[in-house]
Novice: 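Dropping the structure in here first, questions after.
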Amino acid sequence: MNLLVILLLALVAGIAGALVGGALSGLKIGGAALGKQLAAQLGGLYGLLAGVPGVVMGLAVLFFMQSA
């Protein structure tokens with residue numbers, strides 16, 4: 001399998017994980033105060049904001065380590 005395909009699959013999986021993790025955390029933390037739907041939406045947003053840069057940085061480090 002091509003390295004680019006593997007990196008793209010890892011990026012998509014990381015983004016999906018960050019979205020789901022953020023939504024579940026939002027439900028757990030703010031579900032009672034904000035309502036479940038709003039808490040899940042805000043959690044998903046903040047999960048993406050926190051998770052995507054970490055996933056991109058991790059994949060970049062793995063790419064450069066593999067190339068060296």
Side-chain angles (χ1 to χ4, degrees):
M1 189 178 278
N2 190 2
L3 179 64
L4 184 61
V5 172
I6 293 172
L7 289 175
L8 286 175
L9 287 175
L11 180 65
V12 169
I15 289 171
L19 180 64
V20 171
L24 291 176
S25 296
L27 273 175
K28 174 100 174 148
I29 294 170
L34 298 174
K36 291 181 180 181
Q37 186 175 3
L38 180 60
Q41 288 175 343
L42 289 175
L45 173 69
Y46 288 117
L48 283 178
L49 289 177
V52 170
V55 169
V56 170
M57 290 289 289
L59 289 175
V61 167
L62 287 175
F63 177 75
F64 288 120
M65 286 179 61
Q66 186 268 337
S67 298

Novice: Just to verify, what does Leu3 make a side-chain contact (heavy atoms from CB on, under 4.5 Å) with, not counting sequence neighbours?
Specialist: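 Only Leu7, Phe63, Gln66 meet the side-chain contact (heavy atoms from CB on, under 4.5 Å) criterion with Leu3.
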Novice: What is the distance from atom CG of Leu11 to atom CD1 of Ile6, rounded to the nearest 0.5 Å?
Specialist: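 Result: 13.5 Å between the selected atoms.
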Novice: Considering residues at least two apart in sequence or located in another chain, which fulfil the side-chain contact (heavy atoms from CB on, under 4.5 Å) criterion with Val5?
Specialist: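 Scan of Val5 (side-chain contact (heavy atoms from CB on, under 4.5 Å), adjacent residues dropped) gives Met1, Asn2, Leu9.
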Novice: Is there a continuous path of hydrophobic side-chain contacts, each under 4.5 Å between heavy atoms, that joins Val52 to Leu59?
Specialist: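 Looking at the clustering, Leu59 is in the same group as Val52.
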Novice: Give, for atom CE of Met57 and atom CG of Leu62, the distance between the pair rounded to the nearest 0.5 Å.
Specialist: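 Atom-to-atom, Met57:CE and Leu62:CG are 11.5 Å apart.
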Novice: Give me the atom names and distance for the closest heavy-atom approach of Gly26 to Ala39.
Specialist: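 So the two residues come closest at O-CB, 3.3 Å.
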Novice: Where do Ala10 and Val55 come nearest, in terms of heavy atoms and distance?
Specialist: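 For Ala10 and Val55, the tightest heavy-atom pair comes out as O-CG1, 4.3 Å.
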Novice: Which atom names give the shortest non-hydrogen contact between Ala18 and Gly51, and what distance separates them?
Specialist: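 That closest heavy-atom pairing would be CB-CA, 3.9 Å.
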Novice: Group every Ile, Leu, Val, Met, Phe, Trp and Tyr by side-chain heavy-atom contacts under 4.5 Å, then state whether Leu19 and Tyr46 land in the same group.
Specialist: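 Different hydrophobic clusters.
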Novice: Sequence neighbours excluded, which residues qualify as side-chain contact (heavy atoms from CB on, under 4.5 Å) partners of Val12?
Specialist: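 Applying side-chain contact (heavy atoms from CB on, under 4.5 Å) to Val12 gives none.
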